[in-house]
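Naming: A, B, ... by sequence-line order, numbering from 1 per chain. All figures in this text were calculated on a predicted structure; none of them were measured in a lab.
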There are 2 protein chains.
Amino acid sequence: MRLDAMDVSLLTLLQREGRLTNAELAERAGLSASACHRRVRALEQAGVIDGYVALLNAEAVGRGLTVLVLVTLENQRRETMQAFETAVEQVEEVMDCYLTTGAEDYLLRLMVRDARDYERVHRERLSGLPGVARLVSNIAMRKVFTRTAMPLSAGQAGSATRKAGSGA
Amino acid sequence: MRLDAMDVSLLTLLQREGRLTNAELAERAGLSASACHRRVRALEQAGVIDGYVALLNAEAVGRGLTVLVLVTLENQRRETMQAFETAVEQVEEVMDCYLTTGAEDYLLRLMVRDARDYERVHRERLSGLPGVARLVSNIAMRKVFTRTAMPLSAGQAGSATRKAGSGA
DNA sequence: CAAAAAACGCAAGAATCTTGCGCAATATGC
DNA sequence: GCATATTGCGCAAGATTCTTGCGTTTTTTG
């Protein structure tokens with residue numbers, strides 16, 4: 001889907017405030033409510049907007065500590081990797097998992113309560129994951145910043161053409 | 001703020017579908033619309049809910065490639081770190097920045113179009129950041145999974161007691 | 001165990017969404 | 001270069017949803 005300047009405005013606003021009312025969104029973007037509504041629906045149906053979520057305060061829900069874990073597998077056979085990936089997704093403290101280039105195989109981002117909680121997760125969950133040869137844990141001493149909003153520019157297109165509609 | 005089982009239900013639902021109507025949310029949680037509405041507002045005002053955002057399809061907006069960069073500074077003087085942190089936040093391709101334990105100082109997560117685009121960002125943006133001694137780039141060959149929703153359990157409390165109300 | 005506090009559901013007025021319609025702007029074909 | 005098709009726009013009104021006052025029920029507290 002090709003995005004014009006108005007789409008970029010709408011997406012930029014919704015990336016910051018996903019619960020703007022359609023009327024408010026329209027006004028800020030300088031568009032009528034009906035046109036705005038139709039554009040947003042089109043962006044949702046084209047899969048440009050993947051969904052809407054509430055972001056919680058990590059401290060407030062007892063997950064104030066982020067830990068970044070580098071994982072090295074015993075080998076890189078397809079079955080080994082598949083088994084690891086399936087198992088790691090079951091660990092609810094793991095927020096993201098990337099297969100990476102470099103010396104290690106995977107990078108995980110975990111959110112836990114505190115160091116003591118991480119010790120528990122490491123012992124009860126991570127160390128038992130299949131195929132793991134080595135785990136290197138890097139504690140995030142401080143979150144310098146985190147974003148969910150991607151900066152956009154008009155004219156750029158991708159390959160998404162599905163008809164999804166998850167969190168609308 | 002102390003969360004009971006109903007709060008956990010509401011937060012769990014809103015973490016997945018942040019744009020549920022109040023009526024729908026209430027029904028799924030087994031609560032009247034008015035009580036539901038009041039609880040959500042309280043969670044927002046207590047800062048448990050930080051805000052609501054639209055999540056975009058990274059491919060569709062031309063940011064299909066994630067790169068994880070380990071940064072080592074020349075030294076760890078306060079001014080060096082401060083200068084780096086201020087500058088790195090200006091680089092719009094950088095989504096997260098953590099100050100970490102371990103051999104390196106910072107971990108960055110970038111979202112870019114492709115390898116060619118990353119080469120440009122590396123050359124024009126990252127290599128010029130103040131205080132940087134070494135950059136180790138790990139390309140995410142594949143996103144195994146990513147989540148924004150944290151699993152919750154009742155009774156847990158944190159330290160958030162502010163009266164924020166950003167993206168509501 | 002009684003009083004106080006907190007939370008609930010109902011219901012109605014206010015706000016918002018959603019769509020049909022006619023018009024304007026842009027794209028297409030000759 | 002111009003006629004025509006296509007796309008997108010704004011208006012307006014019926015349908016939906018939000019939001020809050022109120023009386024009742026449940027939970028907490030002394």
Side-chain angles (χ1 to χ4, degrees), chain A residues 1-49 51-54 60-61 152-158 160-161 163-168, chain B residues 1-49 51-54 60-61 152-158 160-161 163-168:
Chain A
M1 183 181 187
R2 191 150 193 92
L3 307 178
D4 66 14
M6 181 56 73
D7 290 322
V8 168
S9 295
L10 298 176
L11 292 171
T12 300
L13 287 162
L14 288 174
Q15 279 193 111
R16 297 192 164 280
E17 297 178 54
R19 241 179 142 162
L20 278 176
T21 65
N22 181 63
E24 176 76 13
L25 178 65
E27 182 176 344
R28 292 205 205 170
L31 195 63
S32 74
S34 57
C36 179
H37 185 267
R38 280 185 286 249
R39 273 180 181 263
V40 171
R41 185 173 47 195
L43 290 166
E44 289 166 357
Q45 289 180 347
V48 177
I49 296 176
Y52 301 88
V53 300
V61 297
L152 305 172
S153 54
Q156 70 195 171
T161 319
K163 301 288 184 201
S166 41
Chain B
M1 185 181 186
R2 190 148 193 93
L3 307 178
D4 66 14
M6 180 56 73
D7 291 322
V8 168
S9 294
L10 297 176
L11 291 171
T12 300
L13 287 161
L14 287 174
Q15 278 194 113
R16 298 193 163 277
E17 298 179 54
R19 234 170 153 168
L20 279 177
T21 65
N22 180 63
E24 176 77 13
L25 179 65
E27 181 176 345
R28 292 206 206 170
L31 196 63
S32 75
S34 57
C36 179
H37 185 264
R38 280 185 285 248
R39 273 180 181 262
V40 172
R41 185 174 48 194
L43 290 166
E44 288 167 356
Q45 290 182 345
V48 176
I49 296 175
Y52 301 87
V53 299
V61 297
L152 305 172
S153 54
Q156 71 195 171
T161 318
K163 301 289 182 201
S166 42

> So how far is it from A:Leu25 CG to A:Leu13 CG, rounded to the nearest 0.5 Å?
Replying inline: 5.5 Å
> Out of curiosity, B:Leu10 CG to B:Leu31 CG, how far, rounded to the nearest 0.5 Å?
Replying inline: 6.5 Å
>> Starting the side chain at C-beta, find the nucleotide from C:dT18, D:dC18, D:dG10 nearest to A:Ser32.
In response: D:dG10
> Is a salt bridge present between B:Arg28 and B:Glu17, judged by a nitrogen-to-oxygen distance below 4.0 Å?
Replying inline: yes
> Should the pair A:Arg19-A:Glu24 be classified as a salt bridge under the 4.0 Å nitrogen-to-oxygen rule?
Replying inline: no
Whole-Å distance separating the [atom1] atom of [X] from the [atom2] atom of [N]:
| X | N | atom1 | atom2 | value |
| --- | --- | --- | --- | --- |
| B:Asp7 | C:dA6 | CG | C1' | 13 Å |
| A:Glu24 | D:dC18 | CD | P | 17 Å |
| B:Arg2 | C:dA6 | CZ | P | 16 Å |
| B:Asn22 | C:dC8 | CG | P | 12 Å |
| B:Leu20 | D:dT17 | CG | P | 12 Å |
| B:Met1 | C:dA6 | CE | P | 13 Å |
| A:Glu44 | C:dT18 | CD | P | 9 Å |
| A:Leu31 | D:dG8 | CG | C1' | 10 Å |

>> Could you check whether any side-chain heavy atom of B:Ile49 comes within less than 4.5 Å of a side-chain heavy atom of B:Gln15, counting everything from C-beta outward?
In response: no
Residue pair [X] / [Y]: nearest heavy atoms and the distance that separates them:
| X | Y | answer |
| --- | --- | --- |
| A:Ala46 | A:Met1 | CB-SD, 3.4 Å |
| A:Gly18 | A:Tyr52 | O-CD2, 3.6 Å |
| A:Ala33 | A:Asn22 | O-ND2, 3.0 Å |
| B:Leu3 | B:Asp7 | CA-OD2, 3.6 Å |
| B:Arg16 | A:Val53 | O-CG1, 4.0 Å |
| B:Ala154 | B:Ala5 | CB-N, 3.9 Å |

> Using the C1' atoms of five pairs at each end, what's the angle between the two axes of the helix from C:dC1-D:dG30 to C:dC30-D:dG1, to 10 degrees?
Replying inline: 60°
>> If you take any heavy atom closer than 4.0 Å to DNA chain C, which residues from residues 34-42 of chain A end up in contact?
In response: A:Ser34, A:His37, A:Arg38, A:Arg41
>> So if I define the base as every atom that isn't primed, P, OP1 or OP2, how would nucleotides 24-30 of chain D read as a B/S/- string at a heavy-atom cutoff under 4.0 Å?
In response: -------
